[in-house]
Amino acid sequence: MASERTPSPATALIAPEALQVAVAALLAWYDAERRDLPWRQTRDPYRIWLSEVLLQQTQVATALPYYARLVERYPTVEALAASDLNELLALWQGLGYYARARSLRRAAQQIVAQHGGRLPQDYEALLALPGIGEYTAGAVLSIAFGLPTPAIDGNVRRVLARLFDLAKDLRTPEMQRWLTMASLAMLPPERAGDYNQAMMELGASLCRPRDAACGACPLRQACLAHDRGTASDRPVRPPRRQTPTHERVAAHCLDNDRLLIVRRLPSGLLGGLWELPNFALPPNAAPTAALQMALAPHAPDALPGEELTLVRHAYTHFSVRVHVLACTLTGFVPSGEWDACHWLALDELERYGLTGVALKAMRQGPWLAPRLL
DNA sequence: AAAGCGGGGGC
DNA sequence: GCCCCAGCTTT
């Protein structure tokens, strides 16, 4: 039975026998070269799930320290389900895509409530959980449970685009289905988890976006792009737009060595994270006047002073330049894009998840900068 | 089907 | 500066 393969458009491009030989070479390569990663030293589906969420849009080296801290603090699904969101966001600080943390926590709560604290061993049930899409469901099922389910991430898309010399935009649903069919045709049922991880590891180490190391690739003999010399043109990318830069102004308010921070609404950009009160700076407006006017609804007595520092920060689709002004005020009423405020003491710093801009403003400003030396 | 969502790292 | 990364959700 293992020799039977699901009929696939992929086998029209590469013969099934050649594909099987290539997969065998891939697995042999993986057995010899696989990295020793912490989530490869466990069979705990919870930890494998946690690692997969951390690795969404995140490189392995970046995820490693976060994985260690999260496993330490939340060793079980139950512990994560009972976690405090502010504390979780603080542990997540700097990783980005903070909706992952909120979804992870909600999913843990659903797993406790609906699945007895165990991850469901079922594709549809996994997909129904917050933060789990096709990739993560396939990764958990194959790696943790050994089920023959594809797991197609950016690495796998690139490897397949080259192996089959695909010239179309892979992000369309049509091509996503094509890649799923191709993966099913290649996937060895007895080593599903290893196959998926091998494809990802190949994309991360040899079949890189640039400078692919085709000479060492276990798939070289079957690879159509290598044969045709098109590997560096695969996968094709749609053109990108240029990103705008926004000017903003922020209030650096101290009271008895405590710094005023405000919390963003729970959803949307940087949801649930803490930051300095900050506002758009209209073109040609004076930062001092603009800040005082914008602060008025929250703090009528606010009095902005000198500019302490300028923070530059780049997001994916835009950049900001934030003028950070010293400011005095007696109180702050959160509303609009904020739902809470707090006077932060130095020894509380690690308990609050802060935005990258807030962190830079603190490090560059007079409150924190002198104590970092 | 397309857009929103972060920050780090390589070059 | 641009590109990419073990993607998911919302509209």
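Only a predicted model underlies this, so the values are computations on that prediction, with no experimental measurement involved. Values below: every heavy atom of this structure, side chains too, minus hydrogens, waters and symmetry copies. Order of the sequence lines fixes the chain letters, A, B, ..., with proteins taken first and strands second; residue numbering starts at 1 for each chain.
- The distance from atom OH of A/Tyr67 to atom C1' of C/dA6 is 14 Å, rounded to the nearest whole Å.
- Regarding A/Gln93, its CD atom lies at a distance of 9 Å from the P atom of B/dG7, rounded to whole Å.
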Any N/O pairs under 3.5 Å between the protein and nucleotides 2-6 of chain B? List them or say none.
unit_1: B/dA3; atom_1: OP1; unit_2: A/Arg241; atom_2: NH2; d: 3.1
unit_1: B/dC5; atom_1: N3; unit_2: A/Tyr97; atom_2: OH; d: 3.4
unit_1: B/dG6; atom_1: OP1; unit_2: A/Tyr98; atom_2: N; d: 3.1
unit_1: B/dG6; atom_1: OP2; unit_2: A/Leu270; atom_2: N; d: 2.5
unit_1: B/dG6; atom_1: O4'; unit_2: A/Tyr97; atom_2: N; d: 3.2
unit_1: B/dG6; atom_1: N7; unit_2: A/Thr316; atom_2: OG1; d: 2.5
unit_1: B/dG6; atom_1: O6; unit_2: A/Tyr97; atom_2: OH; d: 2.8
unit_1: B/dG6; atom_1: N1; unit_2: A/Gln57; atom_2: O; d: 3.3
unit_1: B/dG6; atom_1: N2; unit_2: A/Gln57; atom_2: O; d: 3.2
unit_1: B/dG6; atom_1: N2; unit_2: A/Leu95; atom_2: O; d: 3.2

Using nucleotides 9-11 of chain B, report all nitrogen or oxygen pairs with the protein that are shorter than 3.5 Å.
none

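- Between A/Ile152 atom CD1 and C/dC8 atom P there is a gap of 11 Å when expressed in whole angstrom units.
- Between the P atoms of C/dC8 and B/dG8, the separation comes to 22 Å (whole Å).
- Spacing between atom CZ of A/Arg158 and atom P of C/dC3 amounts to 15 Å, rounded to whole angstrom units.
- Other residues, nucleotides and ligands place more than 12 heavy atoms under 6.0 Å from the CD atom of A/Gln41.
- Across the P atoms, C/dA6 and B/dC11 are found 14 Å apart, a figure rounded to whole Å.
- A centroid separation of less than 6.0 Å is found between the aromatic rings of A/Tyr315 and A/His313.
- Side chain of A/Arg100 to main chain of A/Gly131: no donor-acceptor pair is present (N/O by atom type, distance under 3.5 Å, no hydrogens or angles).
- Not one side-chain nitrogen or oxygen of A/Arg237 sits closer than 4.0 Å to the OP1 or OP2 atom of C/dC2.
- Per the geometry, CD1 belonging to A/Ile132 stands 8 Å off P belonging to C/dT9, to the nearest Å.
- Between A/Phe279 and A/His298, the angle of the ring planes lies from 30° to 60°, which puts this pair in the tilted group.
- In this structure, B/dG6 makes no Watson-Crick or G-U wobble pair, since no nucleotide meets both defining distances under 3.5 angstrom.
- When the C1' atom of C/dA6 is taken as reference, atom CZ of A/Arg40 falls 9 Å away, rounded to whole Å.
- Using a 4.0 Å cut-off between charged nitrogen and carboxylate oxygen, A/Glu201 and A/Arg34 do not count as a salt-bridge pair.
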